[in-house]
Structures are given as C-alpha cells and as structure tokens.
Amino acid sequence: MKPSGKSLPPAARKQASSRTDKEPFDIDMALARVRESIRGFADAAMFDLAAHGHASLFEQLVGCILSIRTRDEVTLPVALRLLSQARTPEAMRHLGPERIDALIRPVTFHEPKAGTIHTIATRAVEEFGGELPCDAQVLQTFKGVGPKCAHLALGIACGQARISVDIHVHRVTNRWGYVRTRTPEQTLAALEAVLPQAHWVELNRLLVPFGKHVCTGTQPKCSTCPVLSMCQQVGVRNPR
C-alpha cells in the first residue's frame, strides 16, 4: 500500500525531520503550495505540448526526445514546427532524417535526435502497425529513450501512473529532504516507494517550473518559497 501524503515511512520521516526548526514534511500540502506558486509560469514543455493538441504517445515521445538537454523555451516551438509537418509515425518516416534535422536544428544534438526520431517512426510503422504501445519496456528499447521520457510520455498520453524524474524533480525533492539520493535514477526508485500515486504524473508538471523559477539550482529563492517551513534545505548554500 502506498503511503498517504500525511504519513511517510519511518526512514523518510527521520530524514524529513532532521532539522528541529522545521515543520513535519507533508507532501500533499507541499505540492498544493507549489501548485499555487507556479500560477503564471509557463507549463512544463510536454504538458504544454499536450495542451496544444499533441497528446498522442508518439507525439509526446518525439517532444521529450527534443527536450533532452534543451530549454523548454526552445523545445516547444521546435516540437510544434516538426509536428505540424508530421504528427504520425507514417508521416514522420516519410519526412526522412535530413528533413527532420532541418526542422529541429535549434535543439541540442539535433542531428542524432533526427535519426532517433526517424528510427522510432520507422519501427512504429513496421513493428507496431503505426501506433506505439503504451509499454515502458518497449519504449525504452528505442535508442535515446530512457525512463524519464518513457514515463513522461506514458503518463500524459496513456494516463498511466508514472513518475518522470528530471534534474528539477531530482534537485527539489532532495533539497526538501523528502528523498535522499545521488542520481535521478535513485530518486525515481525512492519516489516510487514514498510518493502517493495520485501525484506521480503531476510531480513533473509542478516541479519543473518550480525548479526553474523558485527552487533554482543556485541561489534558490528560499525567502519567498511556500515550502520553506517544511523544507530541509539540503545542500543550500546561498539562498535568496
């Protein structure tokens, strides 16, 4: 049984209460405060892409591949431009790697990403009849697709309870003291053990803009952070 937002496992409670000047960490309350604090900021790119009508599994996977090592401000317009030319695996396959590359040139590593997208489109047509299955293991057989992209696409497109951990989710949840891990892969496993499933998909949607604008990598805005009273501020050196 998954823990409720009000109750963490003993180990997590111990981690989350190591500073005596902090309130007990309540994930439901923390995320409610984060949800309110990010109003007015741009949505995380893949959720914004879905809001623009590109919510199929293939489109979400393509968008996530484009987003790797690329800022959301670049990812979204590039994804919209590419998908305006080819929304399905069949159409993308016919574009070919060179045309895909020309359309996605502003993103980082555009040439290998173009090859990856074309390969996924080709396999989708030849192996799956033009429609990707909602299966994390299958998606991760594609070169360049790891748990982050697979889980994010499955959560948005297929409605599956999946946690997608990027650098923001990893940093924020560790800074809070909600988990104590060294890598995003470890964070994913730790969150799957403690985070209520109701928050699994939404976590990325909330913590990406929160991590970009409030709980930043350097000089986080702790003085105006809505979670400060519960946050352990792990590793924070120069808060604003």
Side-chain angles (χ1 to χ4, degrees), residues 31 34 38 42-51 54-76 78-79 82-83 104 107-110 112-117 119-121 123-124 132-176 178-213 215-217:
L31 294 181
V34 168
I38 63 171
D43 212 348
M46 295 305 97
F47 294 91
D48 209 348
L49 187 63
H54 298 285
S56 73
L57 181 56
F58 177 69
E59 291 172 310
Q60 283 291 310
L61 195 62
V62 167
C64 195
I65 290 167
L66 294 175
S67 75
I68 296 171
R69 303 287 183 88
T70 302
R71 291 179 294 110
D72 282 0
E73 295 82 356
V74 175
T75 297
L76 183 62
V78 170
L82 175 61
L83 294 172
I104 68 170
V107 305
T108 56
F109 310 117
H110 55 84
K113 286 179 180 179
T116 296
I117 291 168
T119 298
I120 291 172
R123 282 188 56 191
L132 291 174
C134 291
D135 186 312
Q137 290 185 336
V138 170
L139 297 187
Q140 289 179 76
T141 65
F142 297 123
K143 184 179 179 181
V145 178
K148 184 192 84 168
C149 278
H151 287 194
L152 191 56
L154 290 168
I156 296 173
C158 300
Q160 293 185 5
R162 299 276 183 175
I163 301 173
S164 179
V165 176
D166 71 348
I167 188 61
H168 299 293
V169 174
H170 172 64
R171 180 181 67 250
V172 172
T173 54
N174 273 275
R175 187 172 280 168
W176 283 348
Y178 189 61
V179 298
R180 297 288 176 94
T181 62
R182 293 183 178 275
T183 68
E185 292 76 17
Q186 292 174 352
T187 297
L188 172 60
L191 287 172
E192 286 178 338
V194 300
L195 182 67
Q197 281 197 5
H199 298 309
W200 281 21
V201 176
E202 185 187 32
L203 189 71
N204 186 276
R205 183 174 201 161
L206 295 177
L207 296 194
V208 168
F210 184 71
K212 288 171 62 178
H213 299 287
C215 195
T216 53

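We're numbering straight along the sequence, starting at 1. Just so you know, these numbers come straight off a predicted model, no measurement behind them.
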Determine the sole option in Gln60, His54, Glu59 for which the side chain to side chain donor-acceptor pair (under 3.5 Å) test with Ser56 is passed.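 In the set Gln60, His54, Glu59, the residue that makes a side chain to side chain donor-acceptor pair (under 3.5 Å) with Ser56 is Glu59.
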Which of these passes side chain to side chain donor-acceptor pair (under 3.5 Å) with Thr187: Thr181, Asp166, Thr173? Thr181
Does [X] reach the side chain of [Y], with side-chain heavy atoms less than 4.5 Å apart?
| X | Y | value |
| --- | --- | --- |
| Ile38 | His213 | no |
| Phe109 | Thr116 | no |
| Thr141 | Arg123 | yes |

Closest contact, heavy atoms only, [X] versus [Y]:
| X | Y | result |
| --- | --- | --- |
| Thr75 | Gly63 | CG2-O, 3.8 Å |
| Arg175 | Cys215 | NH1-SG, 3.2 Å |
| Pro184 | Val165 | O-CG1, 3.7 Å |
| Ala50 | Ile156 | CB-CG2, 3.8 Å |
| Glu192 | Trp200 | O-CZ2, 3.6 Å |
| Leu152 | Cys64 | CD2-SG, 4.2 Å |

Would you confirm whether Thr70, through its side chain, and Thr108, through its main-chain N or O, come within 3.5 Å as a donor-acceptor pair?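 Looks like yes, one N/O pair under 3.5 Å.
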N/O donor-acceptor pair under 3.5 Å between Gln160 side chain and Cys134 backbone: yes
Quick one: list whatever passes side-chain hydrogen bond (donor to acceptor under 3.5 Å, both in side chains) with Gln140, sequence neighbours left out. none
Inter-residue atom distance Leu49.CG - Leu66.CG, 0.5 Å rounding: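 It is 9.0 Å, given to the nearest 0.5 Å.
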Which residues satisfy the salt bridge (Lys or Arg N to Asp or Glu O under 4.0 Å) test with Arg205, sequence neighbours excluded? Asp43
